[in-house]
Structure formats: C-alpha cells, structure tokens
Amino acid sequence: MSEKKKLRIGLAAYGTGWDLSGWRLPEATNRGLVDPSVIVDVARTAERGKLDYVFAGSALGSEPDRLNRIFRWDNFVYAGYAAAVTTKLGFLMSVNSSFEHPYAVARQLATLDRFNGGRTALNVVFGIDREGDPALNYGKNPVPTEQSKYARAREFTEVLNRLLYESWDEDFLLDDKAAGVLVKPGSWHRIHHQGEHFEVRGPLNVPRPVQQRIPNVHVGLSEESLQYGADLAQIRFSPYFGLERGKAEYRSLKGRVAAAGRDPEKFKIIPGATFYVAGTSREARAKFREVVSLQATEEIPEVFSKALGVDLSRVSAGERVLDVVDVDTIDADALDAFFSGMARRSPSVVRDARALVRQVLSTQLGEEATFEDLYQYLLRSRDDQQPALVGDANHIADWLEENLEEGVLDGIQVFPPYHRGPADAFVDLVVPELQRRGIFRTEYEAGTFQGLLDTDNG
Ligand SMILES: Cc1cc2nc3c(=O)[nH]c(=O)nc-3n(C[C@H](O)[C@H](O)[C@H](O)COP(=O)(O)O)c2cc1C
C-alpha cells in the first residue's frame, strides 16, 4: 500500500492571538506582547507537535489602534532566540522587499540559517494594508508603487541570492595557523550588482547559509505575484477558496510552476486557517460563541440582513438563522455583493456564497447558530480569506484530510485565535488524529527546512 500524502503544517507566532476579541477571554494571555518567553513557547509547542515551522511575520508599519497588531517583535531577533530552544522546527521569516535592503537582509538570513543549523525560510512581503502602511514610517525612501513592487522584489531576490550563494565558496575557511592563512585565497567573490533599485558590490560579510538554498515562500493574488511564486518560490500561501474552486486554483498554480520549468510536486500550496478546537464540537462551538460575545459589538449591518433577505429590525440578532431563513431561497447575488464588500484588501474569493453559508451552518457553527454567530464567523474569515474551523479533533482532521485528498492544499498554516489554549489544542488533539490517519509525520524526517520540504511524502 502506498504511503498517504502528508500535510505540511505551520504555526503563526504573534504576541497575542489572531482573533479580534479572543484576547479578552479570561484564560487568554496577552503577555506575549511584552514578554518574549511567551511567544518563544509557541515555538516549543510547534516542535512538540512536529510541525514544519513557525511563521514569524514582518511589520514595518505601526498600527497602535489595531488590537492584534499593537506590537510586532522584530522577527529575526525572535527567531534567533526561539531557535535556541528548538532543534528541528523551521522558521519562516517575512521580509519586506519594498522597504528593506537585500544586503542587510542577506546578513540576517545567513546569520540565522547558521545559528539554527539550516532551519530558515524566506517570505517576501510588501506590507499588510493601507492603515499600517510602512511608507508612513519609511517615507523619505523612494517607495515602490503597486506597479513597481514586483520589479523591485525580483531584483531584491536576485541580489539576495547572489550575496548568499555566490559570495563565499564552501571551503573558504582554511584556518592554517602555521602558514598564517585564515581564509583560502580566491574563495570569495564580489557580486558587482548595479540595478534599477540596488547597487551592491559584495561579498557578504557573513558565511554562506547552511542550506544550499533557503526556501522561498510567497503570498499574493496579483498576476505578478503568481508568476513570482511560480518562478522563485517553493511554497505559496494561498487564500482558501473552498473545495470546488480550490481544486481548480490548485491545478492552475501547479500548472504555472510546471510551465516555469519546475517540478510542481515540489511546490506546496498552504492556506491559513483559524481553529477553535476542543474535546467535543459542542465545547468548541461554545468557545467560539464566547469569543464572539466579547466583541465590542458593532451593530449587525443592514447590508448583511439584506443579503440574507431578512429585516433585522423585526428579528433579533440572537435568533437562530435557520428558524428564519431558508438558505435555498437567499438572493445569491445580494449575498455575493455582501462578500465582495467585506473583502478589504483583495477581491472576494467567495464564488458560491449560498453554499458557503449552508456549509458554515451545517459543519462549523451547527444548526443552533444565530445571526450574530454567523455574522461574526464571516467577519473573522474575511481578512485573508482564512476560514475559521470550529469543532472537535475529528471534525478538523476530516476537513484537512478531505482538502488534502481532493487536491485543494498541501498543508495548513495555523493562526491561533488567542493564546495559549488553541495552539496547544491543535498540537495535542488534532495532530495525533492526523498522525493516526497517516497524513502527518510522527517524527521529523530531517533537520533543515529544505530537508523537510524535500521529504517524499506520498
Ligand atoms: C498569510 C499571509 C501572511 C502575510 N504576512 C505578511 C507579513 O508578515 N508582513 C507583511 O508586510 N505583509 C504580509 N502579508 C501581506 C502580503 O505581503 C500582501 O498581501 C501582498 O502585497 C499581496 O501581494 P499582491 O498585491 O501581489 O496580491 C501577508 C499576507 C498573507 C495572506
């Protein structure tokens, strides 16, 4: 019997959780905003679960008025610290190619990859969104426009790669004390890069990384992003498009990689998701409702009630959706328009909104769900087109297994709604179930990020 294909799993490390209101739960800790030991523990948890990596995002903008983005640690300092308490776990490092310089980033990446023994990956990003725009803090520098950001990203990546892999030969360290020769003559090379955005002579003043190539992870929906990823990345963070459209998007992304002359099997597609998981689905749903109830309540917008075809002035937000609405008769166009309006940064990925609502009510929130629950659920899924999954370990494992087997995704990046419980629950409840089903590793197969990626996994 051939081995089953296995998931790749990452875990996002933030000072507090991903949810808008989960931080207010009595059991939530937000000390990670001020106490590094708390988020270093996220790395320990990830390694306990044999996860592939922790995701250490980058933030150059400042957003003091966004609760889950008040403070963002410098990700390289974080990863250096957390690497010391782990041995196999990977570190996925975001760097902003629009504002950072490839020479400085090459130093950071090469240093980290040495210090953690080859457990580093790179994620080239451009800033989260308008509100926290890095340009507001880096304004005197020439700031690339939407059109030029990928030209700069490509040049950034080229300079980075040349600095990392062409500066120093493998055998540069002669250490010949008798002859008084420390470094082998001719073992280093200038790169003499003169480009539109960067001028770099080199060589890098840090030895080459442990890995032959530091894996590149990319995210974005534009045509330029899709092509950058197909040409240069090993992993794509993708929105979750749902089962049917997800299969088509997956095939199309892999097709692009093949067209770029690369092996599509070695290119992994990983959406993000938030998990509310507990011993039973009833407990998980209760926790989701508790989190929702902590939201500093905005009124449920009229546009939402209109989309459902309900006059909310006559129905309470606490009423069960299925008592009032027949999902089959919802005006699909109005619902689609609502979803498009919610997608702030990029176009909505929702195609069949009616099917989504039906699915959320039947499998995630259950038939008990109220208008408030449904609205808050959809609100939580909109930002990065990341679904919220609510249920017991079996339910979560079913969802992951179905999406893996149907060819929608190769892995998942977990964004815990709050600290600490959800990351532990994922590792202690979901991971063993995935292992039991043969779709997740029981031991690390390698000690480097690329080594884990290269492992033939069915
Ligand atoms: C899962 C995920 C993680 C991201 N992480 C970061 C990050 O750490 N730092 C950042 O500045 N932007 C981050 N972004 C934002 C992307 O850089 C941004 O969406 C990108 O500009 C989209 O490219 P596009 O304009 O080609 O679609 C992230 C986006 C997603 C979906």
Side-chain angles (χ1 to χ4, degrees), residues 8-15 18 39 52-63 66 68-69 71-79 91-100 105 108-109 120-138 143-154 156-157 216-233 235-241 249 253 256 268-275 343-349 380-388 409-416:
R8 319 287 173 161
I9 306 181
L11 177 63
Y14 294 112
W18 190 246
I39 60 165
D52 290 74
Y53 63 85
V54 285
F55 168 63
S58 135
L60 303 181
S62 45
E63 301 168 276
R66 290 191 71 169
N68 54 356
R69 297 201 181 141
F71 297 131
R72 288 291 186 91
W73 298 104
D74 180 279
N75 56 353
F76 277 90
V77 176
Y78 163 67
F91 290 89
L92 173 52
M93 310 302 300
S94 294
V95 300
N96 191 319
S97 63
S98 295
F99 297 92
E100 294 182 87
V105 172
Q108 292 175 300
L109 283 172
T120 310
L122 162 72
N123 172 216
V124 170
V125 297
F126 306 104
I128 302 282
D129 55 30
R130 291 292 144 228
E131 293 142 59
D133 193 339
L136 300 175
N137 294 329
Y138 287 70
V143 175
T145 60
E146 281 296 308
Q147 285 72 37
S148 69
K149 72 183 185 188
Y150 275 97
R152 183 170 155 126
R154 280 183 179 266
F156 179 95
T157 311
N216 186 332
V217 181
H218 194 60
V219 53
L221 286 171
S222 63
E223 175 58 30
E224 291 88 342
S225 166
L226 299 179
Q227 204 48 48
Y228 175 100
D231 291 337
L232 297 167
I235 296 179
R236 167 167 291 283
F237 278 145
S238 168
Y240 178 72
F241 292 99
E249 296 284 346
L253 288 171
R256 263 181 196 267
K268 306 298 177 194
I269 296 166
I270 302 186
T274 300
F275 294 94
R344 272 187 316 174
R345 290 214 300 269
S346 35
S348 169
V349 300
R380 281 164 169 73
S381 307
R382 76 174 175 187
D383 262 9
D384 297 292
Q385 290 93 21
Q386 292 187 172
L409 49 77
D410 297 307
I412 197 78
Q413 185 162 293
V414 179
F415 287 80

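Both counts, for ligands and for their atoms, begin at 1 and track the order of listing.
In terms of modelled atom types and a separation under 3.5 Å, the side chain of Asp52 and the main chain of Arg8 share no donor-acceptor contact. At distances below 3.5 Å, not a single donor-acceptor pair connects side-chain atoms of Ser148 with backbone N or O atoms of Ala151. With hydrogens and angles disregarded, no donor-acceptor distance shorter than 3.5 Å links the side chain of Asp410 to the backbone of Ile270.
Close contacts of ligand 1 with Tyr150, meaning ligand atoms under 4.0 Å from a residue heavy atom, involve 23 (O), 24 (P), 26 (O). Below 4.0 Å from some heavy atom of Phe126 lie the following atoms of ligand 1, by number and element: 17 (O), 20 (C), 21 (O). The Ser222 neighbourhood of ligand 1 comprises atoms 24 (P), 26 (O), 27 (O), with distances under 4.0 Å to a heavy atom of that residue. Residue Ser94 has at least one heavy-atom neighbour below 4.0 Å for each of these atoms of ligand 1: 7 (C), 8 (O). Heavy-atom proximity to Val125, at under 4.0 Å, picks out these atoms of ligand 1: 6 (C), 7 (C), 9 (N), 10 (C), 11 (O), 12 (N), 13 (C), 17 (O). Residue Gly220 approaches ligand 1 through these ligand atoms, each under 4.0 Å from one of its heavy atoms: 22 (C), 23 (O), 24 (P), 27 (O). Of all the atoms in ligand 1, the ones that sit under 4.0 Å from a non-hydrogen atom of Phe55 are 3 (C), 5 (N), 8 (O). Atoms of ligand 1 lying under 4.0 Å from any heavy atom of Gly57, numbered from 1 in the order shown and given with element: 8 (O).
When all heavy atoms of Ala12 and Pro416 are compared, the closest pair comes out as O-CD, 3.8 Å. Across all their heavy atoms, Ala79 and Met93 have their closest contact at CB-SD, 3.6 Å. In plain terms, the two heavy atoms of Asn96 and Pro134 that are nearest each other are ND2-CG, 3.9 Å. Looking at every heavy atom in both residues, Ile39 comes nearest to Gly15 through CG2-CA, 3.6 Å.
Among the atoms of Leu221, some N or O lies under 3.5 angstrom from an N or O of ligand 1. Annotation: Lys149 places an N or O atom under 3.5 Å from an N or O atom of ligand 1; distance criterion only.
Put simply, part of Ser58 is less than 4.0 Å from ligand 1, judged by heavy atoms. The closest approach between any non-hydrogen atom of Gln413 and ligand 1 is not below 4.0 Å.
Two residues are said to be in side-chain contact when any heavy atoms from C-beta on lie closer than 4.5 Å; Gln386 and Trp18 meet this criterion.
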